[in-house]
Amino acid sequence: MTPAPGSVALITGGAGGFGRALAGLLADRQVTVVLADLDGDRPRQTARDLGAHFLPLDVTDRAANAAVVAQVEADHGRLDAVFLNAGIAGRSPDALDVDDFLRVVHVDLFGVVYGTEAALPALRRAGGGSIVVTASLAGLSPMTTDPGYSVAKGGVVAFVRSLGPRLAGGGITLSAICPGFADTAIIDPIRAEFEAAGFPVLSADEVAEAMLVAWAGAEPGAAYVVQPGIGVVPYRFQGVPSARTASGEIAVVPEALRRR
Ligand SMILES: NC(=O)c1ccc[n+]([C@@H]2O[C@H](COP(=O)([O-])OP(=O)(O)OC[C@H]3O[C@@H](n4cnc5c(N)ncnc54)[C@H](O)[C@@H]3O)[C@@H](O)[C@H]2O)c1
């Protein structure tokens with residue numbers, strides 16, 4: 001499903017680095033863009049500068065996610081694509097700081113769950129659509145300095161993989177992108193270390209292109225890795241060892257449990 005001109009897209013965390021880059025790409029394709037982000041003069045001005053609309057949203061507020069989707073439909077008549085992209089990193093230097101851990105999980109994991117819940121009825125009313133979640137490479141590979149971030153991003157990858165195939169029959173594609181480090185405000189505290197080591201980071205534009213690949217790719221439950229020098233590649237998950245019956249044959253999970 002390629003972004004058709006006249007489509008309506010909602011981007012959470014839309015005033016940040018990836019959101020701004022994506023808004024520009026979508027505007028070039030005549031897509032109506034609504035940026036949802038924590039309220040403030042700067043995000044509102046960002047939306048104006050990009051020719052996008054702005055709605056205030058804290059993604060950790062479940063009811064507010066539904067209210068934003070309702071507002072998009074009221075203002076623009078439909079909703080075709082949702083980019084659940086709002087995210088934060090942990091701030092604590094401790095190996096495990098549970099308050100910090102929960103803060104990150106609430107935004108990066110539950111913000112995605114609430115956003116999906118809010119978007120699904122609107123996408124169905126539009127006759128189908130896409131949800132693209134901004135996960136991270138930290139959801140596929142452990143980030144030892146920020147376990148809350150890894151848990152949240154690994155959680156959204158599991159969420160997308162488990163829910164995606166079930167939504168596909170209704171014409172809704174749920175997929176994720178898993179970028180490596182990219183040049184946005186979120187890496188400000190560690191940017192100097194990348195520069196000193198000559199470690200390549202993605203540009204926000206490269207990640208925004210990957211978000212469009214995920215929208216157009218329409219592969220339910222897919223997780224697209226985005227890395228400097230590699231581009232956008234669907235991650236191929238290794239299967240887990242199957243249970244064996246008493247006679248040594250592979251045991252197949254009963255159909256009712258797979259489809260319930
Ligand atoms: N930049 C990277 O290296 C990198 C790599 C992989 C994944 N990501 C993910 O990409 C996404 C976008 O981040 P970015 O790199 O553009 O960083 P960013 O800091 O520029 O943007 C994040 C945006 O999310 C918003 N936000 C934070 N908490 C929110 C909340 N509770 N409700 C609504 N909005 C909220 C912020 O205001 C900000 O505009 C995040 O989910 C991040 O985890 C970033």
Side-chain angles (χ1 to χ4, degrees), residues 10-25 34-47 49-50 52 54-65 67-69 82-91 100 102-115 118 131-141 143 145-146 148-157 159-160 176-191 193-195 199-208 210-211 214 223-228 232 235:
L10 171 66
I11 311 172
T12 70
F18 294 170
R20 292 196 303 271
L22 177 63
L25 293 183
V34 181
L35 304 184
D37 208 310
L38 297 172
D39 203 4
D41 291 341
R42 264 178 61 186
R44 286 177 181 273
Q45 187 59 46
T46 297
D49 293 346
L50 289 163
F54 180 80
L55 289 173
L57 172 67
D58 180 340
V59 295
T60 65
D61 181 338
R62 186 175 169 188
N65 281 275
V68 159
V69 168
V82 180
F83 295 89
L84 298 174
N85 167 74
I88 56 172
R91 285 196 295 241
D100 197 51
L102 291 174
R103 191 178 63 86
V104 173
V105 169
H106 208 175
V107 176
D108 293 13
L109 175 55
F110 285 99
V112 168
V113 176
Y114 300 154
I131 302 174
V132 177
V133 176
T134 309
S136 168
L137 218 55
L140 301 174
S141 175
M143 189 164 186
T145 53
D146 196 345
Y149 191 75
S150 252
V151 164
K153 296 301 188 180
V156 296
V157 169
F159 177 71
V160 163
I177 60 159
C178 299
F181 291 110
D183 189 10
T184 70
I186 211 168
I187 68 157
D188 281 350
I190 48 177
R191 175 176 283 104
E193 287 163 50
F194 290 125
E195 285 170 2
F199 189 89
V201 297
L202 293 158
S203 70
D205 286 335
E206 287 176 289
V207 177
M211 291 156 125
Y224 297 89
V225 168
V226 196
Q227 280 275 58
V232 187
Y235 187 70

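For ligands, and for the atoms within them, numbers begin at 1 and follow the listed sequence.
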Who's closest to [atom] heavy-atom-wise, of [options]?
atom: atom 30 (C) of ligand 1; options: L38, I11, L202, V201; value: L38
atom: atom 5 (C) of ligand 1; options: A182, G13, G87, G180; value: G180
atom: atom 40 (C) of ligand 1; options: L35, N85, N65, I187; value: N85

Please verify the inter-ring angle class for H106 with F110; under 30° counts as parallel, over 60° as perpendicular, anything in between as tilted.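 H106 vs F110 ring planes: perpendicular.
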Hey, can you tell me if F181 and F199 have their rings parallel, tilted or perpendicular (30° and 60° cut-offs)? perpendicular
Give me the nearest non-hydrogen protein atom to [atom] as residue plus atom name, then the distance to 0.1 Å.
atom: atom 20 (O) of ligand 1; value: G17 N, 2.8 Å
atom: atom 32 (N) of ligand 1; value: V59 N, 3.0 Å
atom: atom 1 (N) of ligand 1; value: T184 OG1, 3.0 Å
atom: atom 6 (C) of ligand 1; value: P179 O, 3.3 Å

From F18 atom CZ to I11 atom CD1, the distance as rounded to the nearest 0.5 Å: 12.5 Å
Begin with the C-alpha distance, continue with both residues' side-chain angles, and end with the deciding distance and a verdict on side chain to side chain contact (heavy atoms under 4.5 Å, CB included) for L25 and M211. CA-CA 10 Å; L25 293 183; M211 291 156 125; over 6 Å; no
Would you mind running through ligand 1 and noting each atom that sits below 4.0 Å from a heavy atom of [X]?
X: Y149; answer: 6 (C), 7 (C), 8 (N), 9 (C), 42 (C), 43 (O), 44 (C)
X: T134; answer: 9 (C), 10 (O), 11 (C), 41 (O)
X: A86; answer: 24 (O), 33 (C), 34 (N), 35 (C), 41 (O)
X: A15; answer: 39 (O)

Under-4.0 Å heavy-atom contact with ligand 1, by part of L57 that carries it: backbone
Where on I88 is there a heavy atom closer than 4.0 Å to ligand 1, on the side chain, on the backbone, on both, or on neither?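 Side chain only.
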Can [X] be said to touch ligand 1, with heavy atoms closer than 4.0 Å?
X: D37; answer: yes
X: A135; answer: yes
X: A36; answer: no
X: K153; answer: yes

Polar contacts were defined as any N/O atom of the residue lying under 3.5 Å from an N/O atom of the ligand; does this apply to [X] and ligand 1?
X: D58; result: yes
X: G16; result: yes
X: F181; result: no
X: F18; result: yes

Test side chain to side chain contact (heavy atoms under 4.5 Å, CB included), reference L57, set N65, L35, L10, D39, output is N65
Out of T184, L137, L202, which residue meets the side chain to side chain contact (heavy atoms under 4.5 Å, CB included) rule with P179?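 Checked T184, L137, L202 against P179; only one passes side chain to side chain contact (heavy atoms under 4.5 Å, CB included): L202.
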Could you report the tightest heavy-atom contact between [X] and [Y], atom names first, then the distance?
X: M143; Y: S150; answer: N-OG, 2.8 Å
X: V226; Y: E206; answer: CG1-O, 4.4 Å
X: A214; Y: I177; answer: CB-CG2, 4.0 Å
X: D37; Y: G13; answer: OD2-C, 3.2 Å

Side chains of S203 and D205 only: does a donor on one sit below 3.5 Å from an acceptor on the other? no
Looking at D188 and R191, is any side-chain nitrogen of the basic one under 4.0 Å from a carboxylate oxygen of the acidic one? yes
Is there side-chain contact between Y149 and S136, with heavy atoms separated by less than 4.5 Å?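 A side-chain contact exists here, since the closest heavy-atom pair is under 4.5 Å.
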